Structures are given as C-alpha cells and as structure tokens.
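This report concerns only the one structure given below.
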Amino acid sequence: MQPNDPGNDEIAAFRHLIDASERVVALTGAGISTESGIPDFRGPNGLWTRVKPITYQEFVASEDARMEDWRRRFVMNETFAAAKPNAGHRGLVEMAESGRLAMVVTQNIDGLHQRAGLGSEQVIEIHGNSTRGRCVECAAFMSLADVRRMIDETGASPRCACGGLVKAAIISFGERMPSDALSAATRFAAAADLFIVIGSSLLVQPAARLPLIAKQSGASLVIVNRETTPLDAEADLILHRPIGAVFADLYPQLVN
Ligand code: NAD
C-alpha cells in the first residue's frame with residue numbers, strides 16, 4: 001500500500017482494535033480460502049454460478065445424488081490438498097501467537113486453518129470437514145479410503161455396518177447443525193471483546209447470528225469482505241478489500 005492510501009487508515013484502525021483486545025473471535029467463510037484457489041459459493045466466481053449443491057434430503061432420497069456427491073467430494077478434496085494457506089490464514093496464526101485470539105469459528109470444510117498452524121482446539125468447524133465419512137444413522141465414522149474401496153467394489157454408495165447411508169462428515173444444505181459445535185461457537189461469540197468476520201457473505205444461518213451475539217455482548221465488530229453483507233450497518237469497521245492484502249498489511253512479516 002502507498003503512504004497516502006486511504007486504506008492505511010482502515011489498517012491502523014483495525015490494528016488499534018486488535019491491540020486493545022484480549023479475546024478475539026474470528027468467523028471465517030469461504031472467502032478466506034479463495035486466494036488459496038478454492039472457489040467460494042456466492043462470490044462472483046462462486047460454485048453456485050456453476051453447480052447446484054446436493055441437499056441432505058436429495059442425498060438420502062437418491063442413489064444418483066449420493067454417487068454424484070461422492071464424485072464431487074473426491075474432486076474437491078484434491079483441490080483442498082493442492083491448496084496452501086494464504087496470508088489470511090497465516091495472519092490468524094500470528095494473532096494466536098500474540099495471545100489475543102480466543103477462537104476461530106469457521107464455516108469452511110477445507111482444513112486450511114489447521115494446515116496454517118492453528119491447533120484443532122483453536123478452531124470450531126461448525127460445518128464439519130471433508131476428511132472422512134459418517135453414517136447418517138449411527139454417526140460412526142468411515143475413512144475416505146474405505147468409502148472409495150466400497151464404491152469401487154460394489155459400484156454403489158457406501159453403507160455403514162449398521163446399514164445406514166454414509167455421507168461426508170460435513171453439514172450439507174438442509175441438514176441440522178451439530179448442537180455442541182454451535183453452542184461452543186455461541187459461547188465464544190458472547191465472551192469476545194472483538195469479533196472479526198472474514199470472507200463470509202453472512203447469508204447462512206445460524207453462523208450469521210454470531211456477530212450479532214458478540215455485538216450485543218459488548219464486542220467491537222470488524223467485517224473483512226469484498227462485497228457488502230447484511231450486517232455491514234452493525235460493524236465498527238468494514239474493509240471491502242481482498243483478505244490477503246488486508247492481512248499482509250496488518251502483519252508485514254508475512255510477506256517479507
Ligand atoms: P460465501 O460463498 O457465501 O461468501 C463468501 C464471501 O467472501 C463473498 O461475500 C465474497 O465476496 C467474499 N470473498 C471471496 N473471496 C474474497 C477475498 N479474497 N477477499 C475478500 N472477500 C472475499 O461463503 P460462506 O459465507 O462461507 O458460505 C458458504 C458455505 O459453503 C459455507 O457454509 C461453507 O461451509 C461452504 N463452502 C466452504 C468452502 C471451503 O471450505 N473453502 C468453499 C465453498 C463453500
């Protein structure tokens with residue numbers, strides 16, 4: 001950024017809020033991973049402009065939908081594996097190392113926060129992750145290697161030992177959120193002194209309620225998102241800029 005760039009004031013204000021905080025909670029969405037090469041859903045190049053997501057109800061009702069869901073899952077996991085954490089993910093690790101970050105609540109299923117260096121106890125994955133399968137009946141887990149082997153051997157979607165359908169261990173559209181992850185996320189939001197939304201359209205409930213819970217409990221709210229969100233009017237500071245550039249400005253050591 002140039003010395004007289006108006007963005008400097010935003011970064012200074014953001015830094016001031018972070019330095020004044022002891023319990024920062026970040027809510028991250030698909031937008032934090034686009035600069036790592038993983039498309040978001042609702043941005044201009046979002047996946048929704050190309051493919052319609054398979055809902056939980058469609059998965060349970062149709063073998064074709066299940067096979068298509070697993071096919072897409074394996075393709076997506078290859079994209080996740082090839083992706084590298086970017087300045088946004090690494091900036092949150094810097095914040096954690098400074099002792100200010102209480103929790104990252106993520107809607108993402110790509111595992112990039114952990115690969116950037118956050119411990120699993122520092123991340124609440126409210127939509128699960130796509131590293132394994134889970135039975136929709138008894139909740140037993142199945143490794144992806146076993147899922148693939150069953151599909152190859154039977155030509156059909158995998159079944160659990162109990163007979164239940166096995167779906168990737170993520171929360172699909174139309175599926176109920178796990179109450180333990182959501183109540184932990186709500187507790188952290190209510191205890192935050194600074195709540196930062198990074199790369200979320202804030203259109204998916206109940207995650208989109210978390211910034212309001214934080215705000216009503218007295219936290220400052222910062223939104224870092226290229227496009228406007230329904231909660232912009234509630235924010236103390238909004239940065240409509242690319243996430244990587246914001247975090248590279250905040251933590252110059254990430255790029256030097
Ligand atoms: P979303 O797609 O609804 O919104 C992403 C937002 O990020 C958009 O408003 C977009 O303008 C903004 N954005 C994108 N790239 C940006 C950048 N580089 N800098 C600044 N802003 C940027 O995402 P969501 O709110 O997380 O909801 C989508 C749902 O889809 C989530 O629930 C998630 O589970 C799932 N999803 C996950 C991944 C992933 O794991 N990486 C990817 C796609 C979708």
Side-chain angles (χ1 to χ4, degrees), residues 27-30 32-33 36 38-41 47-48 51-83 89 103-116 118-188 200 204-210:
L27 170 67
T28 66
I32 197 172
S33 295
S36 296
I38 301 173
D40 60 9
F41 265 157
L47 281 174
W48 268 9
V51 279
K52 187 174 152 296
I54 293 167
T55 65
Y56 180 79
Q57 289 72 16
E58 286 163 346
F59 185 94
V60 170
S62 150
E63 174 68 2
D64 284 351
R66 291 192 281 279
M67 291 297 275
E68 174 62 10
D69 195 67
W70 279 114
R71 190 193 64 76
R72 288 185 195 175
R73 191 69 48 208
F74 285 121
V75 172
M76 196 170 272
N77 278 2
E78 278 172 26
T79 307
F80 292 169
H89 303 102
M103 188 56 72
V104 172
V105 178
T106 189
Q107 297 175 272
N108 294 345
I109 56 172
D110 57 28
L112 284 181
H113 287 302
Q114 294 88 330
R115 282 177 50 205
L118 290 183
S120 54
E121 74 291 350
Q122 293 171 301
V123 185
I124 299 175
E125 295 175 305
I126 52 175
H127 292 172
N129 70 56
S130 62
T131 56
R132 54 191 176 170
R134 188 178 50 210
C135 173
V136 302
E137 300 292 339
C138 74
F141 288 108
M142 183 182 283
S143 74
L144 290 190
D146 282 345
V147 168
R148 204 187 268 276
R149 188 182 44 75
M150 281 182 124
I151 292 175
D152 288 346
E153 282 174 11
T154 65
S157 66
R159 294 269 175 173
C160 177
C162 81
L165 300 169
V166 176
K167 188 178 81 61
I170 57 157
I171 306 303
S172 302
F173 284 90
E175 186 172 1
R176 229 157 48 91
M177 298 266 286
S179 58
D180 48 350
L182 191 59
S183 46
T186 305
R187 268 199 316 279
F188 275 98
S200 174
V204 181
Q205 292 294 356
R209 272 202 296 276
L210 296 173

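Note that the coordinates shown come from a computational prediction; the quantities given were computed from them, not determined experimentally.
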**Request:** Quick one: do Leu112 and Phe80 satisfy side chain to side chain contact (heavy atoms under 4.5 Å, CB included)? Show the steps, please.
**Result:** CA-CA 8 Å; Leu112 284 181; Phe80 292 169; over 6 Å; no
So, [X] versus [Y]: side-chain donor-acceptor pair below 3.5 Å or not?
X      : Y      : value
Thr106 : His127 : no
Gln107 : Thr28  : no
Ser62  : Asp64  : no

Side-chain donor or acceptor of [X] paired with backbone N/O of [Y] under 3.5 Å:
X      : Y      : answer
Asn108 : Asp110 : no
Glu175 : Ser172 : yes
Thr55  : Glu58  : yes
Ser36  : Ile38  : no
Arg115 : Ala83  : yes
Gln122 : Gly119 : yes
Arg66  : Phe59  : yes
Glu137 : Gly163 : no

Once rounded to the nearest 0.5 Å, what's the spacing between atom [atom1] of [X] and atom [atom2] of [Y]?
X      : Y      : atom1 : atom2 : value
Met76  : Ile170 : CE    : CD1   : 8.0 Å
Cys160 : Phe141 : SG    : CZ    : 11.5 Å
Phe188 : Leu27  : CZ    : CG    : 14.0 Å

**Asked** After noting the C-alpha distance and the side-chain angles of Ser157 and Glu63, does the key distance pass the side chain to side chain contact (heavy atoms under 4.5 Å, CB included) rule?
**Response** CA-CA 7 Å; Ser157 66; Glu63 174 68 2; 2.8 Å; yes
Non-hydrogen side-chain atoms of [X] and [Y] separated by less than 4.5 Å:
X      : Y      : value
Trp70  : Val166 : yes
Val104 : Ile124 : no
Leu165 : Cys135 : no
Ile54  : Arg72  : yes

**Asked** If you measure from the Lys or Arg side-chain nitrogens to the Asp or Glu carboxylate oxygens, is any gap between Asp152 and Arg148 under 4.0 Å?
**Response** no
**Request:** Could you walk me through whether Arg73 and Ile109 pass side chain to side chain contact (heavy atoms under 4.5 Å, CB included), step by step?
**Result:** CA-CA 11 Å; Arg73 191 69 48 208; Ile109 56 172; 3.9 Å; yes
Considering all heavy atoms, the nearest [X]-[Y] contact:
X      : Y      : result
Ala169 : Arg134 : CB-CB, 4.0 Å
Gly128 : Ile171 : N-CG1, 4.4 Å
Gly155 : Met67  : O-CE, 3.6 Å
Ile151 : Pro158 : CG1-CD, 3.9 Å
Ile126 : Ala207 : CD1-CB, 3.6 Å
Leu210 : Val105 : CD1-CG1, 4.0 Å

**Step-by-step side chain to side chain contact (heavy atoms under 4.5 Å, CB included) determination, Tyr56 to Val136** = CA-CA 10 Å; Tyr56 180 79; Val136 302; 3.7 Å; yes
**Request:** Please lay out, stage by stage, how Ser120 and Gln114 fare under the test side-chain hydrogen bond (donor to acceptor under 3.5 Å, both in side chains).
**Result:** CA-CA 6 Å; Ser120 54; Gln114 294 88 330; over 6 Å; no
**Request:** Take Arg149 and Asp146 through the salt bridge (Lys or Arg N to Asp or Glu O under 4.0 Å) test and state the conclusion after the steps.
**Result:** CA-CA 5 Å; Arg149 188 182 44 75; Asp146 282 345; 3.4 Å; yes
